[in-house]
Amino acid sequence: MRVVRLTRAELPVDTAELARFLVGKVVVRDLPDDRISGRIVETEAYLPRDAACHAYRGETPRNRSLFLEFGHAYVYVSYGIHRMLNVAGGARGIGAGILIRAVEPLQGIELMQARRGLERVTDLARGPGKLAQAMEITLGLDGLDLTREGPLWLGRIDRPTGSIGVSVRIGITKETDLPLRFFERGSPYVSGPKRLSV
DNA sequence: CGGCTGATGATCT
DNA sequence: GATCATCAGCCGG
């Protein structure tokens, strides 16, 4: 399978636009001897002046990557257990990002199954915590430029993206009414309640 | 499938 | 000390 790395020039600067753009693109995790990759089927945008965004209260040690130029990785720990993979949005200095919520496994499926302790491919990376576990997303990847060669980067493949649906975001307690979740309609790899993925 | 609950620890106040 | 961009397990329909 041929995966071509995305360049920063082809990424939308606007965070919501980038969130939509990333559906259908590919996350590639290059390990010393193996490649794990998955096609993004679900994202959520977190904007500046959005109380649900980790950057809302300003820059801190944890969220500094959100203020990097769009296309950098922001990885953090949620609920003390799960790691979340995000892509920074907006120009340098703008705190915004996109949570990658689910991918359709493409390469390294056996490795994902081993890491997750599951067989069902639709359960390997359906949800941000599952995705991070399956793809070995670690805190050490925080701050990486995802448009450069390295252990984690973004690419595209020659395959059409289906119709993209929009809904409110999942699992948050603030700004719960904003239509900032994007997903590929009909994909069995999308997470969340079914009513939000129509 | 939807709804609920406990686990669990980094982060910030 | 409170909060939390989640998940697995369990239950009822």
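Quick caveat, the model's predicted, so the values are computed rather than measured.
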Q.
Quick test of your reading of the model: are A:Arg8 and A:Asp145 salt-bridged, counting only N-O distances below 4.0 Å?
A. yes
Q: Quick one: pull up CG in A:Asn86 and CD1 in A:Ile98 and give me the separation to the nearest 0.5 Å.
A: 8.5 Å
Q: Measure the OH-OG1 distance between A:Tyr46 and A:Thr15 for me, rounded to the nearest 0.5 Å.
A: 13.0 Å
Q. When you measure from the side chain of A:Glu184 to the backbone N and O of A:Gly162, does any donor-acceptor pair fall under 3.5 Å?
A. yes
Q.
Any salt bridge linking A:Glu10 with A:Lys25? Criterion: basic side-chain nitrogen under 4.0 Å from a carboxylate oxygen.
A. no
Q | Atom pair OG1/CZ of A:Thr43 and A:Arg169 - distance to nearest 0.5 Å | A | 11.0 Å
Q: Measure the distance between the ring centre of A:Tyr79 and the centre of the six-membered base ring of B:dA7, then answer whether it is under 5.5 Å with planes under 30°.
A: no
Q.
Using only atom types and a distance under 3.5 Å, with no angle test, would you say the side chain of A:Gln133 pairs donor to acceptor with the backbone of A:Arg115?
A. yes
Q.
Just to be sure I understand the geometry, which residues of residues 170-198 of chain A put a non-hydrogen atom under 4.0 Å away from DNA chain B?
A. A:Lys194
Q: Would you sketch DNA chain B in dot-bracket for me? Only Watson-Crick or G-U wobble pairs with both distances under 3.5 Å count, crossing pairs as [ ], other-strand pairs as |, the rest as dots.
A: |||||||.||||.
Q) Counting any heavy atom closer than 4.0 Å, what does A:Arg62 reach on the DNA or RNA strands: base, sugar-phosphate only, or nothing? A) sugar-phosphate
Q. With the sugar-phosphate defined as primed atoms, P, OP1 and OP2, and the base as all remaining atoms, what B/S/- string results for nucleotides 7-13 of chain C, 5' to 3', for protein heavy atoms under 4.0 Å?
A. SS-----
